[in-house]
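Since the structure comes first, as structure tokens, the remarks are kept for the end.
Hydrogens, waters and symmetry mates play no part in the numbers below; they use all other heavy atoms, side chains included. All chains are named by letter (A, B, ...) in the order of the sequence lines, taking the proteins before the strands, and each is independently numbered beginning at 1. Since the model is a prediction, treat every value here as computed from it, not as a measurement.
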Amino acid sequence: MKKANKKEIINALESIAVYLEIKGENSFKVSAYRKAANALERDERTIDDIKDPASLQGIGKGTAGVIDELVQTGESSLLKELKNDLPDGLLPLLKLPGLGGKKIGKLYRELEVVDVSTLRKACEEKKVQVLPGFGEKTEEKILAALEEFGKRPERLTIAQMIPVAELIKDRLNEMDGIIRFQLAGSFRRGRETVKDLDFILSTKEPEIVGEQIATMKNIKEVIGHGETKISLELQFDDLIVPVDFRMVTDEEFITTLHHFTGSKDHNVLLRQRAKEKGEKISEYGVVQEDTGEVKTFQSEEEFFKHFGLTYIPPEVREGRGELEVYTENHPLIDLGDIRSDLHMHTTWSDGGNAIEEMIEACRERGYEYMAITDHSKFLRVANGLTIDQLLRQHEEVRKQNEKFSDFTIFTGIEMDILPDGTLDYEEEILKNIDFVIASIHSAFHQDEKTIMKRFKRAMENPHVAMIAHPTGRVIGRRDGYSVDLDQLIEMAVETDTILELNANPNRLDLSAEWVEKAQAAGAKIAINTDAHHVAWLNHMQVGVKTARRGWLKKETVVNTWSSDELRRFINKHR
DNA sequence: GCCGTTTTCGGCCCGACTGTTTTCAGTCG
């Protein structure tokens, strides 16, 4: 029997939790299996290196037994048994809003609902509304949810959310009665995708503010409207965005902001810690359990300090050891550390702005240097530069460069690694370019070995400074090519090739998870916007957020260095 | 199911909102 790998074990534990939930098991037992899955996921080691799973916090005798069985045999008798007991068509029903394990269990036992279609039938025959605990409205809602089921993506990309978030902020700014507001949730933590947007508002007049929110433009539906919480679905063309608004007093603002920034795992860990001190954290403050005294805070710094911690940036509040690390300062890279952008396009290839405009925009952003990197000749669809054009462009860049004593413009190129593994320009050309980027834009279907050969050849070329968007993924649209990232990182360290964190919110490539691994291995990262328009230079913020999610320090990121330092690094092997 | 210098039993993070109920269970984040 094939042994189960770590991912399969985590999935099995999560499946067990879901089945138990539908069975109506004790909810703490259910969450014990989820906690065990989380504990495994958080641990960096492989399943073989974790000799004794029960030694991990959250894994005891029971779940360790399940894990051991999966490791030994590749199967779990408990999971098998559950699968025999319950139809697996019930599992997707948990995704329907308003339906949880308890209700699904009841539907199964009382009405023999086993999947989406039997559930729809039961609703249509009006059998659901007569069940105790259900009613007419519940039945209607289930039917409506079934109608929408599968039509909408579960998570929305940051690229889609950025303009929506800005629009809502503008509207809140125009409303009466709001003292201050902030966007919280996974958006604030910088996740690649989000389920919804969470806004925290402070006000003395929740009814007045609530009324304005519930009547704002673009509302598709008001999901809920209570005294302090309003849930909406906003619609912009095809895009439907769930948005939650929470209203509190200004004193409560900071603890509410922290609570709804999450993550859930982070909150749970911090609350457990508070409990050990005889305190209780809620949205409204920290309660001294013996006296009932409620403490509120002026800032999140102050809040964390209360628990003996320094400020924990939202990006790392994932319950992955931040409470242990942030007993002292642990600075991560910051937007203010960025001194250049090393990947962008102009009208010479497929960009929308002239060289001068890009220079001006970079200077406005306070950078000290930059690189102009248009596409190479192979990429005809993007109007890649012929050798003649390239030489003329670099002449132009050098001329521009002479204008400034306080700013440096690198000549550059985003050169294609061709399907056969050769590079788009000869050594003779490359040796005169300041910043050579190599990247893959073709033959995505090739197998991993072939792709890795292409990368290897590029990275071993002494003139190639950086690999751009290493996986080629576009979030929510395509996975990219088959690349062995562990090996790529290894090669990057060996050849001193920089790996890119492409800050385009559709790409975020490398991801937070992989830049973290790259940093651990000693590789260097550049955060670049790959801007095709001056406005896209602002994506640097998103890139830095992603870097922070990967715990990147300033030193790891080459565009926090001075231009001389970077030049020395690039020219080391030339 | 997990956990424990108060505990090997009895807790487990906490609260808003809805729809079902006549005081609360279920869901959600």
Side-chain angles (χ1 to χ4, degrees), chain A residues 13 16-17 19-39 53-67 78 93-107 128-142 145 184-187 189 194-200 206 210 222-232 242-248 252 255-256 258-287 289-290 294 319:
Chain A
L13 290 169
I16 290 170
Y19 277 113
L20 292 177
E21 198 173 2
I22 294 173
K23 272 195 103 172
E25 268 287 359
N26 176 317
S27 60
F28 296 109
K29 188 171 172 179
V30 174
S31 68
Y33 279 95
R34 294 223 164 92
K35 263 186 206 159
N38 267 339
S55 64
L56 296 182
Q57 185 73 17
I59 298 182
K61 245 168 115 186
T63 46
V66 174
I67 294 166
L78 171 61
L93 301 185
L94 272 175
K95 296 233 163 85
L96 293 169
L99 279 189
K102 299 250 168 65
K103 282 196 167 148
I104 292 171
K106 208 179 246 179
L107 289 164
V128 172
Q129 52 174 279
V130 296
L131 284 186
F134 292 74
E136 252 181 79
K137 277 207 165 173
T138 312
E139 194 176 74
E140 274 171 33
K141 283 204 166 175
I142 293 173
S186 47
F187 189 97
R189 299 202 312 282
V194 299
K195 271 178 82 172
D196 61 5
L197 296 175
D198 299 287
F199 283 90
I200 310 305
V222 178
I223 307 292
H225 187 168
E227 282 170 31
T228 65
K229 182 183 164 183
I230 299 175
S231 301
L232 304 176
V243 191
D244 281 349
F245 298 88
R246 266 311 267 271
M247 293 175 285
V248 292
E252 296 160 341
T255 38
T256 307
H258 174 265
H259 175 86
F260 284 100
T261 296
S263 67
K264 205 177 158 198
D265 290 341
H266 168 86
N267 287 354
V268 167
L269 290 173
L270 197 61
R271 281 173 174 193
Q272 281 167 351
R273 186 164 290 200
K275 202 146 192 176
E276 287 161 18
K277 284 179 58 176
E279 293 176 339
K280 192 176 81 174
I281 304 174
S282 84
E283 295 97 295
Y284 306 115
V286 175
V287 183
E289 288 196 302
D290 45 358
V294 182

[X] [atom1] - [N] [atom2] separation (whole Å):
X        : N      : atom1 : atom2 : value
A/Phe28  : B/dC12 : CZ    : P     : 6 Å
A/Leu269 : B/dC14 : CG    : P     : 14 Å
A/Ile142 : B/dG19 : CD1   : C1'   : 12 Å
A/Gln129 : B/dT20 : CD    : P     : 9 Å
A/Glu139 : B/dG19 : CD    : P     : 14 Å
A/Leu78  : B/dG1  : CG    : C1'   : 11 Å
A/Glu140 : B/dG19 : CD    : P     : 10 Å
A/Glu136 : B/dT21 : CD    : P     : 11 Å

Is a side-chain donor or acceptor of [X] paired with a backbone partner of [Y] at a separation under 3.5 angstrom?
X        : Y        : value
A/Ser263 : A/His266 : yes
A/Lys106 : A/Pro132 : yes
A/Asn267 : A/His259 : yes

Looking at [X], does any N or O in its side chain come under 4.0 Å of the phosphate oxygens OP1/OP2 on [N]?
X        : N      : value
A/Thr138 : B/dT20 : yes
A/Thr228 : B/dC17 : yes
A/Ser282 : B/dC13 : no
A/Tyr284 : B/dC13 : no
A/Lys275 : B/dG11 : no

* Are A/Lys229 and A/Glu283 ion-paired here, with the side-chain N under 4.0 Å from a carboxylate O? -> no

* Asked: Using purine N1 to pyrimidine N3 plus N6-O4 or O6-N4 for Watson-Crick, or N1-O2 and O6-N3 for G-U wobble, each under 3.5 Å, what pairs with B/dT8?
  ->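 With both distances under 3.5 Å required, B/dT8 matches none.
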
Using the [atom1] atoms only, state how far [M] lies from [N], rounded to an integer number of Å.
N      : M      : atom1 : value
B/dC17 : B/dG10 : P     : 35 Å
B/dC2  : B/dT7  : C1'   : 14 Å
B/dT20 : B/dT27 : C1'   : 13 Å
B/dG4  : B/dT23 : C1'   : 35 Å
B/dT6  : B/dG11 : C1'   : 14 Å
B/dC13 : B/dC3  : C1'   : 16 Å
B/dC9  : B/dC14 : P     : 24 Å
B/dT21 : B/dG26 : C1'   : 13 Å

Reported [atom1]-to-[atom2] distance for the pair [X] and [Y], which is rounded to 0.5 angstrom:
X        : Y        : atom1 : atom2 : answer
A/Glu139 : A/Leu131 : CD    : CG    : 9.0 Å
A/Phe187 : A/Phe199 : CZ    : CZ    : 8.0 Å
A/Lys102 : A/Lys23  : NZ    : NZ    : 15.0 Å
A/Ile200 : A/Met247 : CD1   : CE    : 11.0 Å
A/Leu56  : A/Thr63  : CG    : OG1   : 9.5 Å
A/Asp244 : A/Leu232 : CG    : CG    : 8.0 Å

* Could you please name the option among B/dG19, B/dC13, B/dC12 that lies closest to any side-chain atom of A/Lys141? => B/dG19

* Structure fact -> Which of B/dT20, B/dC14, B/dC12 is nearest the side chain of A/Lys137? It is B/dT20

* How would you label the contact of A/Gln272 with the nucleic acid (heavy atoms, under 4.0 Å): base, sugar-phosphate, or nothing? ->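 Result for A/Gln272 = sugar-phosphate.
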
* Asked: Contact class for A/Leu270 vs. all strands (heavy atom < 4.0 Å): base, sugar-phosphate, or nothing?
  -> nothing

* Mark up nucleotides 4-9 of chain B, 5' to 3', with B wherever a protein heavy atom is under 4.0 angstrom from a base atom, S wherever such an atom reaches only the sugar-phosphate, and - elsewhere. => ------

* Reading nucleotides 24-29 of chain B 5' to 3', which nucleotides get B (base under 4.0 Å from a protein heavy atom), which S (sugar-phosphate only), which -? -> --SSSS

* To do: Using the closest heavy atom to pick a nucleotide of DNA chain B for each, name whichever of A/Gly133 or A/Asn267 lands nearer the 5' end.
  => A/Asn267

* Just wondering, do A/Thr228 and A/Arg246 contact through their side chains at under 4.5 Å, heavy atoms? -> yes

